[in-house]
Amino acid sequence: MEKAERSKLHLLAMGISFFTIPFLFLLLFGIIHIIKNFNEKTINKIVFLFSSIFPFLILGFFPSLKYSISLIPMILILAYWGFNLIIQNKKNTILFYFSLLFIWFIGVKINTDSLTFGDGFNQKNSININKKYLFKYNVDERIKINKVYLDFDGGFYLPTPEGPRPLFGYFYVVFANLWKNNFDKISHNENQIVKDVIKNKNKSIIQLKPNEFIQCKLINEGYLPNKPFTYNSKTKEFYRNFINKNDTIKLLSIPNGVSKEKYIVAYINKNQKVYFVSYSSNFIIYALSNCANTAFINANTIYKK
């Protein structure tokens, strides 16, 4: 993970969930408070605040901001000082409360053909296939943004290692069921795939990573794994069997130590009646662009006829 390419858009997606506009407002005025009241006691305050992040100055804050939990005491104190300073000025107070309303009721939407979700907090029902699509692990190098606009709706579907997050418009995501609808759709899709494969033994599933959630649906249907994922050197398959009495479903995954994008394209082109499940838009769009007779099922799945 420490060797992964650092994407600015990826870091922004994670950071904006932690440091929203109102919160940055508080931190900024907290720093102004320190500057205005700078003296010997202030130096002690600064040393006290930064003592919690000394380890991260050495180790770094990558790969995820969630590991910076020791920042919380420093941030809360700065926010407290900032709020006390903000409420002393009417204009600053109005701006602060406006920023709170903004992130809850106005979403920032992004239109792009480089992802399988958007413009708001939703998955796409169809995508434009670009035969010249270039596979890049770094989002900065492959995403092309067509349009950015504001709307009274859930904001753009930001993918992060911990799950999707909206680019503001929190009210609609939480209280208008956008969050629930998103995961209900994913769950329904996985249920349909598993039931189809159980019913039609000539169909199969290959997933990007061994820990994709679709195997939970197999377990829900009574199919239990008998051992971890195993690599068969003869067939070059990385698989795990799920057994229900006398019935067995073989769940495939991309092996370790291979070029994943080349492997999945070669596998899909070689086989028929295959579902490919991936929660990475990059792999879904690349496979669609390079595999004939494939159909877009939803943001996480394609099917080779």
Side-chain angles (χ1 to χ4, degrees), residues 1 3-17 62-64 106-151 153-169 172-173 178-179 181-183 185-186 189 206-209 212-213 254 259-269 275-304:
M1 186 172 270
K3 295 180 181 179
E5 293 185 63
R6 297 195 185 191
S7 162
K8 294 176 182 178
L9 290 173
H10 184 215
L11 291 174
L12 177 64
M14 292 192 297
I16 207 164
S17 300
F62 187 76
S64 179
I106 299 177
V108 179
K109 291 188 172 183
I110 300 175
N111 179 270
T112 174
D113 294 327
S114 307
L115 299 170
T116 57
F117 36 81
D119 298 358
F121 195 81
N122 58 276
Q123 300 180 22
K124 292 180 179 178
N125 295 317
S126 62
I127 60 171
N128 297 320
I129 299 175
N130 180 6
K131 294 295 183 181
K132 297 181 180 180
Y133 180 83
L134 297 176
F135 184 93
K136 296 286 185 179
Y137 278 101
N138 193 321
V139 179
D140 300 346
E141 297 178 6
R142 62 181 168 86
I143 190 169
K144 294 181 180 179
I145 297 175
N146 302 324
K147 183 181 179 183
V148 179
Y149 59 101
L150 304 179
D151 194 5
D153 195 5
F156 182 70
Y157 187 105
L158 291 168
T160 74
E162 292 78 27
R165 290 168 181 162
L167 187 54
F168 309 139
Y172 311 100
V173 176
L178 291 183
W179 183 273
N181 293 343
N182 172 66
F183 285 98
K185 187 174 182 178
I186 292 173
N189 174 64
I206 183 168
Q207 54 189 19
L208 176 62
K209 296 181 288 187
E212 303 286 8
F213 293 116
I254 299 177
S259 173
K260 294 184 182 296
E261 68 275 15
K262 292 180 181 179
Y263 181 93
I264 195 60
V265 166
Y267 183 88
I268 293 174
N269 282 328
Y275 286 103
F276 172 48
V277 178
S278 168
Y279 293 92
S280 166
S281 292
N282 200 12
F283 282 90
I284 292 292
I285 297 175
Y286 185 74
L288 273 173
S289 304
N290 291 275
C291 300
N293 300 318
T294 52
F296 180 82
I297 304 300
N298 70 3
N300 311 313
T301 312
I302 63 173
Y303 178 66
K304 168 69 179 294

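Counting from 1, the numbers follow the sequence of the chain as shown.
- The side-chain contact (heavy atoms from CB on, under 4.5 Å) search around Phe213 returns Glu190, not counting sequence neighbours.
- Across all their heavy atoms, Asn269 and Ala292 have their closest contact at OD1-N, 3.7 Å.
- Taking the six-membered ring where the residue is Trp, Phe156 and Phe117 present tilted rings, their angle falling between 30° and 60°.
- Between Tyr263 and Ile254, the shortest heavy-atom distance links the atoms CD2-CG2, 3.8 Å.
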Run Leu208 and Ile264 through side chain to side chain contact (heavy atoms under 4.5 Å, CB included) and show every step you take. CA-CA 8 Å; Leu208 176 62; Ile264 195 60; over 6 Å; no

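- Distance check, rounded to the nearest 0.5 Å: OG of Ser278 to CD of Glu261 gives 11.5 Å.
- Looking at residues two or more places apart in sequence or on another chain, you find no salt bridge (charged side-chain N to carboxylate O under 4.0 Å, His left out) involving Asp113.
- Across all non-hydrogen atoms, the minimal contact from Tyr157 to Gln123 is OH-NE2, 4.3 Å.
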Mind running side chain to side chain donor-acceptor pair (under 3.5 Å) on Lys185 and Asn300 for me, showing each step along the way? CA-CA 10 Å; Lys185 187 174 182 178; Asn300 311 313; over 6 Å; no

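- In this structure Tyr172 satisfies the ring pair (Phe, Tyr, Trp, His ring centres under 6.0 Å) test with no other residue, sequence neighbours excluded.
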For Leu150 and Val108: C-alpha separation, side-chain torsions, deciding distance, then whether side chain to side chain contact (heavy atoms under 4.5 Å, CB included) applies. CA-CA 5 Å; Leu150 304 179; Val108 179; 3.7 Å; yes

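- With no hydrogens or angles considered, no side-chain donor-acceptor pair links Lys260 and Asn282 at under 3.5 Å.
- Thr116 is linked by a side chain to side chain donor-acceptor pair (under 3.5 Å) to Ser281, counting only residues two or more places apart in sequence or in another chain.
- The two residues Thr294 and Ala287 make their nearest non-hydrogen contact at OG1-O, 4.5 Å.
- Rounded to the nearest 0.5 Å, atoms OH (Tyr275) and OG1 (Thr301) are 9.0 Å apart.
- Panel note: side chain Lys109, backbone Lys147; no donor-acceptor pair is recorded below 3.5 Å.
- The shortest side-chain heavy-atom distance between Asp151 and Ile106 does not fall under the 4.5 Å cut-off.
- Asn122 meets the side-chain contact (heavy atoms from CB on, under 4.5 Å) test with no other residue; sequence neighbours excluded.
- Ring-plane geometry between Trp179 and Phe183 is classed as tilted, the angle between the planes lying from 30 to 60 degrees on a 0 to 90 degree scale.
- Note that the CG atom of Asn290 and the CD1 atom of Ile268 stand 10.0 Å from one another [nearest 0.5 Å].
- In this structure, Thr112 contributes its side chain and Lys144 its backbone to a donor-acceptor pair below 3.5 Å.
- The minimum heavy-atom distance between Leu115 and Ile285, with the atom names listed, is N-CD1, 3.8 Å.
- In this structure, Leu167 CG and Ile110 CD1 are separated by 5.5 Å, a value rounded to the nearest 0.5 Å.
- For the side chain to side chain contact (heavy atoms under 4.5 Å, CB included) with Val265, the lone residue among Tyr286, Phe276, Phe283 that qualifies is Tyr286.
- The two residues Ile284 and Ala299 have their closest heavy-atom pair at CG1-O, 3.7 Å.
- Residues forming a side chain to side chain donor-acceptor pair (under 3.5 Å) with Asp119 (at least two apart in sequence, or on another chain): Asn111, Tyr149.
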